[in-house]
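Computed over heavy atoms, backbone and side chain alike; hydrogens, waters and symmetry mates excluded.
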Amino acid sequence: MRYLPLTDTDRSDMLERIGASSIDDLFVDVPEIARLDGPIRDLPMHASEMAVERHMKARAGKNVAAGDAPFFLGAGAYRHHVPASVDTVIQRGEFLTAYTPYQPEIAQGTLQMLFEFQTQVARLYGCAVANASLYDGSTACWEAVAMATRVTKRKRAVLSGALHPHYSEVVKTMAQFTGETIADAQPSIQTEPDLEGLTSRIDEDTACVVVQYPDILGRISDLSKVAEAAHAKGALLVVVNTEPVALGAIKSPGEQGADIVVGEGQAIGVGLQFGGPYLGLFAVRNPKHVRQMPGRLCGETTDAEGKRGFVLTLSTREQHIRREKATSNICTNSGLCALAFSVHMTLLGEKGLRELAAENHRLACHAADRLAQVPGVSLLNDAFFNEFTLMLDSETWGGQSAREVVRVLADRGVLGGVSLGRLYPGVEALQQALLVAVTEMTTTQDIETLASELEQLVQEAAQ
């Protein structure tokens, strides 16, 4: 049987039923530049299984794994050490499922894990309640905006220019279908975030202000000032965190007045995995907002015999209630990733998380100091956790952009960071900016290798 055993008549009947003239009508929301206008070039129409295996193995062999080269990539996905015991636990039969259990009588282990996971996330974020995870950080960010509009009965969201552009794009994409007005901006190239510029955009129609902490340039700001400005206008403060390890060293968003805290949990327990699956975290500071949270909430109770037990307390998603009353349509629970996060966090404990954070920061400081010694390289921000922005002087580098430098470094076996020109292709001021991330997996030799390669490239540019 073919994967889609439909006849032309079947397809025509389906299109007629939904009022579409052709299949192309179903893809009008996909930008034309992203759509194929025919078969994929250079791809044969058919091939044997053995030929496909050989071809894919050859292609895979061109990849450079994170552990095979000095690695300084970050920008929302981080390479941390994941203890072997994490993988051992998540592969146990009673846990090995990506779905939330709906039958508590046969799923006490998973429900208890999610209950503990919620507690860990709430404490990490400085909030009262956390849910049982979402799909990933970017969709969690959108869920926070949608929740803020429900709470405030307003439809305008102000996004910080220093919010990860992928998160901004997800928010803007979803808002096309729900009617929110999204006021976004571009990051400013300065040592500290422009908080005054951000708060000046808040008005009486604003449902929420969305900031990243640390932000896309690695900068750390005082969120309490933004919280005060937002609350003065009746808006909520949404804080996005893409590096949860940082919260072992810096004050939690909830302590600074954030109303909703969301983020990406990949850095704890979940490997890079070529971009997914990842883990969305979501928490609220005020318990009265619980019923407006997306996703699911696991709770503790007692059974008929008075014994401790766990149940799915809240689950207001579109499969369970009327679609128009659901809090979300994209609140997929990344259950296995949540388990990995919880196991790793349990192994670390509070003391271990603080020690891990301190080591990340120590190595990042060492890297920043060493790389700033390279001619034509300067450090943008002097306050950061484990990620910072370097500016490459265009004249010293012979007119090369940071993106071009990253490509040359990759050819020489060094994954030297993320060029902000790649994330912001239309922003001229960011073409010379290089985002460098350092974790406990980075060695001092890795740092020296990157610095030496950059010095060599500067010499070559001068010739």
Side-chain angles (χ1 to χ4, degrees), residues 100-102 104 107-108 110-137 139-152 207-211 213 223-224 227 230-231 235-241 244 247-248 251-265 268 279-302 308-317 320-321 325-328 330-335 337-339 341-342 345-346 350 353:
T100 303
Y102 297 109
Q108 284 298 293
T110 300
L111 286 166
Q112 180 174 356
M113 177 281 296
L114 289 172
F115 181 81
E116 303 294 351
F117 165 82
Q118 292 167 178
T119 304
Q120 291 168 330
V121 174
R123 292 191 63 184
L124 186 70
Y125 281 173
C127 290
V129 186
N131 73 7
S133 91
L134 295 174
Y135 180 68
D136 66 8
T139 53
C141 180
W142 158 250
E143 295 293 354
V145 171
M147 175 178 163
T149 63
R150 292 193 298 271
V151 171
T152 63
C208 64
V209 183
V210 184
V211 298
Y213 174 78
L223 301 179
S224 61
H231 296 158
L236 302 184
L237 173 61
V238 175
V239 175
V240 174
N241 169 263
L247 299 178
K251 186 180 290 187
S252 71
E255 291 177 273
Q256 300 180 68
D259 299 287
I260 307 173
V261 186
V262 300
E264 176 56 62
I268 297 179
L279 171 65
L281 308 180
F282 195 109
V284 297
R285 185 167 58 93
N286 193 331
K288 74 178 183 180
H289 292 153
V290 166
R291 293 202 67 84
Q292 293 296 337
M293 288 176 62
R296 309 150 190 78
L297 193 66
C298 293
E300 180 183 344
T301 186
T302 55
R308 184 189 191 207
F310 298 89
V311 295
L312 202 59
T313 304
L314 186 67
S315 187
T316 56
R317 59 188 308 212
H320 305 149
I321 64 174
K325 295 294 184 180
T327 58
S328 169
I330 53 172
C331 57
T332 297
N333 159 236
S334 300
C337 294
L339 173 61
F341 176 100
S342 189
M345 187 66 80
T346 301
E350 182 176 342
L353 179 63

### Query
Looking at CG of Leu281 and SG of Cys337, how far apart are the two atoms once the value is rounded to the nearest 0.5 Å?
10.5 Å
### Query
Does the pair Leu124 and Leu353 meet the rule for a side-chain contact (heavy atoms from CB on, under 4.5 Å), with working shown?
CA-CA 10 Å; Leu124 186 70; Leu353 179 63; 3.7 Å; yes
### Task
With rounding to the nearest 0.5 Å, note down the distance linking CZ in Phe115 to CG in Leu312.
13.0 Å
### Nearest-0.5 Å distance, CD of residue Gln292 to CG of residue Asn286
12.0 Å
#### Entry: Which atom of Pro287 lies closest to which atom of Ala128, heavy atoms considered
CG-CB, 3.8 Å
### Message
Could you walk me through whether Val151 and Leu236 satisfy the side-chain contact (heavy atoms from CB on, under 4.5 Å) test, starting with their C-alpha distance in whole Å, then the side-chain angles of each, then the deciding distance to 0.1 Å, before giving a yes or no?
### Response
CA-CA 9 Å; Val151 171; Leu236 302 184; 4.1 Å; yes
### Query
Do Leu314 and Arg291 come within less than 4.5 Å of each other through their side chains, counting heavy atoms only?
yes
### Query
Under a 4.5 Å cut-off applied to non-hydrogen side-chain atoms, are Gln118 and Val129 in contact?
no
### Message
Could you measure the distance from the OG1 atom of Thr110 to the CG atom of Leu339? Nearest 0.5 Å is fine.
### Response
7.5 Å
### Message
Could you measure the distance from the OG1 atom of Thr313 to the CG atom of Asn131? Nearest 0.5 Å is fine.
### Response
12.5 Å
### Task
Compare every heavy atom of Gly137 with every heavy atom of Glu264, then report the nearest pair and how far apart it is.
OE1-N, 2.9 Å
### Task
Determine whether Glu300 and Gln112 make a side-chain contact, defined as any pair of heavy atoms from C-beta on separated by less than 4.5 Å.
no
#### Entry: Side chain to side chain, Val209 and Val238, heavy atoms closer than 4.5 Å
no
### Query
Step by step, would you call Cys127 with Val284 a side-chain contact (heavy atoms from CB on, under 4.5 Å)?
CA-CA 6 Å; Cys127 290; Val284 297; 5.8 Å; no
### Task
Measure the shortest side-chain to side-chain distance between Ser334 and Leu134 over non-hydrogen atoms and say whether it is less than 4.5 angstrom.
no
### Message
What I'd like to find out is whether the side chain of Leu247 reaches to under 4.5 Å of the side chain of Asn241, using heavy atoms alone.
### Response
yes
### Task
Quick one: list whatever passes ring-ring contact (aromatic ring centres under 6.0 Å, His included) with Phe117, sequence neighbours left out.
Phe341
#### Entry: Straight-line distance of Glu350 CD to Met345 CE, nearest 0.5 Å
10.5 Å
Which atom pairs, one a donor and one an acceptor, fall under 3.5 Å between side chains of residues 251-262 and the rest of the protein, sequence neighbours left out?
unit_1	atom_1	unit_2	atom_2	d
Ser252	OG	Glu255	N	3.3
Ser252	OG	Glu255	OE1	2.9
Glu255	OE1	Ser252	N	3.1
Gln256	OE1	Leu223	N	2.9
Gln256	NE2	Tyr213	OH	3.0
Gln256	NE2	Lys251	O	3.3
Asp259	OD1	His231	NE2	3.4
Asp259	OD1	Arg285	NH2	3.2
Asp259	OD2	His231	NE2	2.7
Asp259	OD2	Leu237	N	2.8

### Task
Let me see the working for Cys208 and Val210 under side-chain contact (heavy atoms from CB on, under 4.5 Å), right down to the final yes or no.
CA-CA 6 Å; Cys208 64; Val210 184; 4.1 Å; yes
### Message
So does Ser342 get a backbone contact from the side chain of Thr346, meaning a donor-acceptor N/O pair under 3.5 Å?
### Response
yes
### Task
Locate the shortest heavy-atom distance separating Pro244 from Gly265; write the atom from each residue and the value.
CG-CA, 4.3 Å
### Non-hydrogen side-chain atoms of Phe310 and Arg308 separated by less than 4.5 Å
yes
